Amino acid sequence: METRRIRLKVAYDGTGYHGWQLQKNAVTIESELNRCLSELFGEEIQVTGASRTDAGVHALENIAVFDTTSPMPAEKISYALNQRLPEDIRIQKSEETACDWHPRRCKSRKTYEYRIYRAQFPMPVKRLYALFTYYKLDVNHMKEAAAYLEGEHDFKSFCQTKAQVESTVRTLYSVQVEEQGQDLVIRVCGNGFLYNMVRIIVGTLLEVGQGRRTPESITEILAAKDRATAGPTAPAHGLTLVRYEFE
């Protein structure tokens, strides 16, 4: 039978998973998709994901593709797959795509949101999806600092040192800091991200908000190209991949 390529839009709560990517002796989003798809179609299925989110990171819209010889209509696969997946992973859409289409080989823009809950005490229902802080944050200073990150830069200072990449140059189309009641949302849209890049950006902006850095110090951090000059890596649970757009 003819092989088809199917594209999935995947949403998940990353709390109980060791990230997206397959790992030995660990449950991941990818391993669950492979398991359920293989059961559904009676053939070995291996998905390819657009973004390899870290352990504990959530997604409203990650993209995966896989090949199959099954004649099942593409739009029906999401329904069948959702009946087999754990309730913290859900397919939002399934559709057929070109057999040579690959999510990591075409131009795209990704949008991440990092949520911070500001209060005197933690809120239990937010503990898995927002970073709690009791620090007073200067939001205007954080917005000033965020503006320095927009555009094309070498983000080596905002990448974990063990990451192996050909280039650390990336383009950020927007870095927004928005108040939503007691929540503070840092929204970052770019053409690609380095390992832990968004979480290091958040950790650095938090230090600006706490008065431990000036907004202008962002330019010095970028110029240094040294991870030690940036702030700490913010915890994973506050981060969500909210949108994936392909040109």
Side-chain angles (χ1 to χ4, degrees), residues 1-24 26-113 165-167 170-174 187-195 197-198 239-247:
M1 296 184 70
E2 187 176 334
T3 299
R4 301 184 299 150
R5 178 158 291 187
I6 306 298
R7 179 163 68 182
L8 304 175
K9 184 186 293 185
V10 191
Y12 48 87
D13 179 334
T15 304
Y17 298 93
H18 291 264
W20 173 277
Q21 197 168 0
L22 280 177
Q23 297 180 38
K24 288 184 179 179
V27 179
T28 67
I29 304 296
E30 191 171 11
S31 71
E32 287 298 284
L33 288 171
N34 289 346
R35 178 181 66 81
C36 294
L37 281 165
S38 298
E39 289 175 1
L40 175 63
F41 293 125
E43 57 180 314
E44 186 173 346
I45 300 289
Q46 299 282 337
V47 301
T48 298
S51 182
R52 299 167 179 168
T53 52
D54 296 336
V57 175
H58 316 293
L60 303 183
E61 187 178 315
N62 203 347
I63 304 296
V65 296
F66 68 92
D67 294 334
T68 180
T69 57
S70 169
M72 181 183 293
E75 66 276 9
K76 299 293 186 184
I77 292 172
S78 54
Y79 294 93
L81 190 52
N82 282 337
Q83 291 180 350
R84 289 166 169 78
L85 285 165
E87 62 183 2
D88 49 9
I89 305 175
R90 281 292 177 267
I91 308 305
Q92 302 300 300
K93 186 178 183 180
S94 55
E95 59 187 342
E96 193 162 344
T97 188
C99 287
D100 60 351
W101 190 85
H102 192 293
R104 295 202 296 269
R105 294 179 190 154
C106 51
K107 291 183 179 181
S108 63
R109 58 171 63 200
K110 290 189 282 187
T111 302
Y112 281 94
E113 286 185 357
V165 289
E166 291 181 8
S167 171
R170 297 291 187 274
T171 300
L172 295 186
Y173 304 115
S174 64
R187 187 179 300 106
V188 185
C189 176
N191 67 350
F193 294 90
L194 303 165
Y195 184 44
M197 179 173 159
V198 177
L239 186 61
T240 301
L241 174 58
V242 297
R243 192 175 301 111
Y244 221 118
E245 300 165 281
F246 296 97
E247 294 183 14

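These figures come from a predicted structure and were not determined experimentally.
- N191 contributes a side-chain N or O that, together with a main-chain N or O of T171, makes up a donor-acceptor pair within less than 3.5 Å.
- Heavy atoms of other residues, nucleotides or ligands lying less than 6.0 angstrom from CZ of F246 number more than 12.
- Between the CZ atom in R52 and the CG atom in L22 there is a gap of 10.0 Å [rounded to 0.5 Å].
- Y195 is not listed as a side-chain neighbour of V165, based on a closest heavy-atom distance of 4.5 Å or more.
- No donor-acceptor pair under 3.5 Å is formed between the side chain of T111 and the backbone N or O of C189.
- Counting only distance, with no hydrogens or angles, the side chain of E61 and the backbone of Y244 share a donor-acceptor pair below 3.5 Å.
- At least one donor-acceptor pair under 3.5 Å links the side chain of S38 to the backbone N or O of N34.
- In terms of modelled atom types and a separation under 3.5 Å, the side chain of H58 and the main chain of G14 share a donor-acceptor contact.
- Residues S94 and A74 share a closest heavy-atom pair of OG-O, 2.5 Å.
- Atoms CG and CZ, on L172 and R109 in that order, are 11.0 Å from each other to the nearest 0.5 Å.
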Steps toward side-chain hydrogen bond (donor to acceptor under 3.5 Å, both in side chains) verdict (Q23, Q21): CA-CA 6 Å; Q23 297 180 38; Q21 197 168 0; over 6 Å; no

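- For the atom pair E43 CD and F66 CZ, the distance stands at 8.5 Å (nearest 0.5 Å).
- Using a 30° and 60° split on the angle between ring planes, Y12 and W20 fall in the tilted class, from 30° to 60°.
- To the nearest 0.5 angstrom, L241 atom CG is 7.0 Å from K110 atom NZ.
- To the nearest 0.5 Å, the span separating CD on E95 from CG on L8 amounts to 9.0 Å.
- Under the rule for a ring pair (Phe, Tyr, Trp, His ring centres under 6.0 Å), the partners of Y112 that lie at least two apart in sequence or sit in another chain are F193.
- Side chain of D13 to main chain of D88: no donor-acceptor pair is present (N/O by atom type, distance under 3.5 Å, no hydrogens or angles).
- Among all heavy-atom pairs drawn from R4 and S70, the shortest one is NH2-O, 2.6 Å.
- Stacking of R5 on the aromatic ring of W101 is not recorded, the 6.0 Å distance cut-off and the 45° axial limit not both being met.
- Residues H102 and V65 form no side-chain contact, since every pair of their non-hydrogen atoms from C-beta on lies 4.5 Å or further apart.
- Side-chain N or O atoms of E113 include none that pairs as donor or acceptor with a backbone N or O of T240 at under 3.5 Å.
- When all heavy atoms are compared, the tightest approach of I6 to E96 is CD1-CA, 4.1 Å.
- Comment: R243 does not engage E245 in a salt bridge, judged by the lack of any side-chain N to carboxylate O separation of less than 4.0 angstrom.
- The minimum heavy-atom distance between A26 and S31, with the atom names listed, is O-OG, 4.3 Å.
- To the nearest 0.5 Å, atoms CG (L239) and CG (D54) are separated by 8.0 Å.
- Judged by distance alone, the side chain of N82 and the main-chain N or O of I91 form a donor-acceptor pair under 3.5 Å.
- With respect to L85, the side-chain contact (heavy atoms from CB on, under 4.5 Å) criterion is satisfied by exactly one of L40, L33, L37: L33.
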